[in-house]
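Here is the structure we will look at, set down as structure tokens.
Below, chain A is the first sequence line, B the second, and so on; all start at residue 1.
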There are 2 protein chains.
Amino acid sequence: MKQIKMNSANDNALFVADDVALKQFMGYHLKRATNIVMSDLATTLAPYELRMLTYTALVLIVDNPGIRQFQLAVAMDIERPNLVIIIDELEQRELILREKVPTDRRAYAMHPTLAGKQLYKKATKAVNTHDKKMFKHVSKTDQKFLIATLQKLIDQY
Amino acid sequence: MKQIKMNSANDNALFVADDVALKQFMGYHLKRATNIVMSDLATTLAPYELRMLTYTALVLIVDNPGIRQFQLAVAMDIERPNLVIIIDELEQRELILREKVPTDRRAYAMHPTLAGKQLYKKATKAVNTHDKKMFKHVSKTDQKFLIATLQKLIDQY
DNA sequence: TATTGTTATACTCTATAACTATA
DNA sequence: TATAGTTATAGAGTATAACAATA
């Protein structure tokens with residue numbers, strides 16, 4: 001949301017769209033900030049042909065080799081069916097491999113390929129730069145406080 | 001995202017899905033927290049047959065009677081075409097009215113109906129309760145700090 | 001020429017039901 | 001019976017191009 005200028009009755013004066021009712025909500029500020037960050041993240045990941053979800057999945061597979069699809073779905077807090085096409089995409093691009101689990105033939109263990117690990121590194125460097133840019137006006141101390149505050153909310157659920 | 005328990009080689013031990021690479025990003029925490037808040041907001045608004053976007057539009061029309069569609073689109077930071085169906089919905093439910101602007105016959109000025117103002121009041125009460133619940137573990141002081149911090153980011157863009 | 005509102009369209013994210021093959 | 005992965009499908013949010021009416 002943006003505060004916008006509206007022509008008012010008198011010529012030179014500017015009237016700003018009143019969002020005072022929304023500004024009382026923490027969630028409003030949170031959503032606005034997140035929209036901005038997510039939009040810039042998308043731009044950041046585009047050159048690597050990754051979106052937030054494919055990047056997140058790639059990171060979690062690289063850092064948790066052998067992870068099963070249902071575990072990844074829980075970790076990413078998305079439904080199993082929605083994970084399928086994400087994994088399909090990473091597999092088709094040969095960034096990860098699905099391997100049959102001998103002890104449970106229903107399941108697949110996912111592993112990164114060399115290309116997957118290399119893309120992870122490059123993309124993560126870019127995401128790091130993006131994240132620093134977004135929060136460049138927030139001190140390290142304040143960032144830690146922000147994380148702690150958000151974590152309190154997250155831990156409730 | 002959730003930290004999840006994974007069976008490890010030894011029976012009783014639990015292995016938590018490693019999201020340390022993602023946790024380094026402010027955006028990760030921001031997105032997780034926002035997902036939780038937006039999900040609860042949707043549940044909160046459902047009894048009023050409102051979604052975040054229809055509620056936001058209703059609030060801005062009530063608080064800015066006579067606002068034009070393009071102005072509302074700017075305020076909500078969405079594209080004009082996407083606003084059309086939101087306004088259609090509010091108009092069909094007779095919560096708002098589109099009125100031709102005599103001085104610019106291309107434009108519509110939007111006004112809330114009595115029903116719109118009444119629904120605004122009821123829904124806002126519910127959203128207030130929701131917002132308080134979400135941030136009940138965060139002190140008022142910390143909430144103000146959080147808003148100020150997010151505002152720094154928002155003001156950049 | 002530019003702007004307001006609209007239509008059409010496409011992509012992404014999300015959610016649920018139901019299937020298959022295994023356990 | 002229950003679980004892992006899949007298919008099909010639908011709702012919702014988002015973005016762009018192009019049009020009619022009007023400025």
Separation of atom CG in Leu83(A) from atom P in dA15(C), rounded to whole Å
14 Å
Given dT7(D), dT6(C), dT14(C), which nucleotide is nearest the side-chain atoms of Arg80(B)?
dT6(C)
Please name the pair of heavy atoms, one in Ala21(B) and one in Val59(A), separated by the smallest distance, quoted to 0.1 Å.
CB-CG1, 3.8 Å
Here's a test of your reading of the structure: between Gln69(A) and Ser39(A), which maps to the more 5' nucleotide of DNA chain D?
Gln69(A)
Would you mind reading off the distance between Asp88(B) atom CG and dT6(C) atom P, rounded to a whole angstrom?
7 Å
List in numerical order all residues of residues 101-111 of chain B for which some heavy atom is under 4.0 Å away from an atom belonging to DNA chain D.
Asp104(B), Arg105(B), Arg106(B)
Backbone N/O of Arg80(B) and side chain of Gln69(B): donor-acceptor pair under 3.5 Å:
no
In whole angstroms, how far is the P atom of dC13(C) from the CZ atom of Arg32(B)?
19 Å
Measure from CD on Glu79(B) to C1' on dT14(D) and round the result to the nearest Å.
8 Å
Taking atom types as modelled, is there a side-chain donor on Tyr28(B) or Asp19(B) under 3.5 Å from an acceptor on the other?
yes
Is there a side chain to side chain contact (heavy atoms under 4.5 Å, CB included) between Met26(A) and Val138(B)? Walk through the geometry before answering.
CA-CA 11 Å; Met26(A) 294 295 296; Val138(B) 181; 5.8 Å; no
Length of the CD1-C1' vector between Ile86(A) and dT12(C), whole Å:
10 Å
Using modelled atom types only, decide if a donor and an acceptor are shared between the side chain of Ser39(A) and the backbone of Asn35(A) within a distance under 3.5 Å.
no
Counting only side-chain N and O atoms of Arg98(B), is one of them less than 4.0 Å from OP1 or OP2 of dT6(C)?
yes
Minimum heavy-atom distance between Arg105(A) and Lys100(A), given as atom pair plus value
O-NZ, 3.4 Å
Regarding Gln24(A) and Asn128(B), do their side chains bring together a donor and an acceptor under 3.5 Å, going by distance alone?
yes
In this structure, how many angstroms lie between the P atom of dG5(C) and the CE atom of Met76(B), rounded?
14 Å
With DNA chain C as reference, determine whether Lys100(A) or Ile78(A) sits nearer its 5' end, using the nearest nucleotide of each.
Ile78(A)
What integer distance in Å separates Leu72(A):CG from dG5(D):C1'?
13 Å
Measure the distance from CG on Leu53(A) to C1' on dT14(C) and round it to the nearest whole Å.
10 Å
On DNA chain D, compare the nucleotides closest to Ile85(B) and Asn82(A); which residue's is nearer the 5' end?
Asn82(A)
